[in-house]
Amino acid sequence: MSPKSLISLAAAPLAGQARVPGDKSISHRALMLGALAIGQSSIEGLLEGEDVLRTAAAMRALGAEVTRRDDGCWTLFGRGVGGLAEPEDVLDMGNAGTGARLLMGLLASHPFTSVFTGDASLRSRPMRRVTDPLSRMGAGFVGRSGGRLPMAVIGTASPIPISYELPMPSAQVKSAVLLAGLNTPGTTTVIEREATRDHTELMLTGFGATLTVESLPNGTRAISLIGQPELTGRTIKVPADPSSAAFPVVAGLLVGGSTITVNAVGTNPLRGGLYRTLLEMGADITFVNARVEAGEPVADLLVRASDLSGVDVPPDRAPSMIDEYPILAVAAAFARGTTRMRGLAELRVKESDRLAAMAQGLQAAGVRLSVEGDDLIVEGDGAPPEGGVTIAVNLDHRIAMSFLVMGMAARRPIKIDDASAIDTSFPGFAALMNGLGARISQAAEAK
Ligand code: S3P
């Protein structure tokens, strides 16, 4: 067993309040746009997880001044749109797909070559989804077979604005094209058939770019950015990440007798699919004190243990909860009845193949399920599943946390072989959960 192996035992009823770390999507974008803005930007509540720290290091390597103050606030002095400088070394983005893909977009329209790499997970992930549109804008790419990292991005001095319809619902691809459009003369347009998270659009507008969102008659959205704006430094307050809040929230629902509050969680509707689904399953979650903090809607979530029922989750909900299917599958395993999660093709190309990881792990833990095409169907009888397994995490933070939550309410403990990936998005996860009543600790004996 690796020294990073953790075990999760049956928890006491959870009680108390917690604040989970800052939103990962917003944190990456804040660092990138702050590095392009004129003047000072300040970021409060930045996620200090591995993924985001890689982006901070990359922005420094590209010439921005990025500092963490003792009070935890991050400040940046940007270089102006188009003002990033050639990095002296390879940009190692670690585990971070968002960091890598967004930055490849940004650098596609800078006239120098940069080289990207990452950990074994990131090096296995498809990059053609960004290199295809960015090539049309004039950038060149030299990578490994299958369009994988390590990869050189040969930025163009004469970028061409494009209008690009996304072939898959992906905020990362949308953002890569829009960020390339920043240093491109003319108007760059991205058309999406299904709305994906809009943090890039909101933040570009907040920094002073001119961006329009047009709803087309066929239900698609056209997002257009006028290139070469002057961005002005600003203050960003990062809300708590709804994707991270999902773990204590589902734990609170599953562990009998629990009542917890998770504070200041981002409630952007394009991220809200899990919460909507849990409410449909009969979850007792109340959104209290809803407010807007520095442009982002947030609320405190009051969660009480609940008996859940299986539901049908439509495929068009996937973009608003794409990172939450692993923990939803855990909730479904404790629910009474069938939960059908439809249209999960994109889950196969995340930090790991999450569809396969959840199906294998849950089955090993005694859950009845099937995979039909891109659908995951979980059958619950309302009783806690057996548990008693060790899960191979394969560098996937959300697989790791999902199974630790499952161990809190399963009949027998659940171990994960390697917890190190959790730090990419949720540093302090085990301590926070234990503070609420979980019993997550270093796994003692070898298996
Ligand atoms: C993200 C978009 C999603 C999500 C990822 C963060 C973003 O990826 O899974 O964790 O910040 O834009 P895709 O765009 O590939 O769906």
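Keep in mind that this is a model prediction, so the values were computed, not measured. Just so you know, ligand 1 is whichever comes first in the structure, and atom 1 is the first atom listed for that ligand. All values below were derived from every heavy atom in this structure, side-chain atoms included, with hydrogens, water molecules and symmetry-related copies excluded.
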What residue and atom, counting heavy atoms only, is the protein's closest point to [atom], and at what distance?
atom: atom 12 (O) of ligand 1; value: Arg29 NH2, 2.7 Å
atom: atom 10 (O) of ligand 1; value: Asp323 OD2, 2.7 Å
atom: atom 11 (O) of ligand 1; value: Ser25 OG, 2.6 Å

Considering only heavy atoms, does His28 approach ligand 1 within less than 4.0 Å through its side chain, its backbone, both, or neither?
neither

Under a 4.0 Å heavy-atom limit, does Lys350 contact ligand 1 with its side chain, its backbone, both, or neither?
side chain

Which heavy atom of Pro385 sits nearest a heavy atom of Ala333, and at what distance?
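For Pro385 versus Ala333, the nearest heavy atoms are CG-O, 3.6 Å.
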
Taking every non-hydrogen atom, the tightest pair across Ile422 and Ala400:
CG1-CB, 3.8 Å

Would you call [X]-[Y] a salt bridge at under 4.0 Å N-O?
X: Arg317; Y: Glu280; result: yes
X: Arg271; Y: Asp241; result: yes
X: Arg19; Y: Asp300; result: no
X: Glu346; Y: Arg129; result: yes
X: Glu48; Y: Arg68; result: yes
X: Arg197; Y: Asp23; result: no

Ligand 1 N/O within reach of Ser170 N/O, cut-off under 3.5 Å:
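Ser170 vs ligand 1: N/O contact under 3.5 Å present.
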
Are any of the N or O atoms of Glu346 closer than 3.5 Å to those of ligand 1?
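In this structure, Glu346 places no N or O atom under 3.5 Å from an N or O of ligand 1.
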
State the atoms of ligand 1, each with its element, that fall below the 4.0 Å cut-off from a heavy-atom position in [X].
X: Lys24; value: 10 (O)
X: Ala171; value: 12 (O), 14 (O)
X: Thr98; value: 1 (C), 5 (C), 6 (C), 7 (C), 11 (O)

Could a heavy atom of His199 be found less than 4.0 Å from some atom of ligand 1?
no

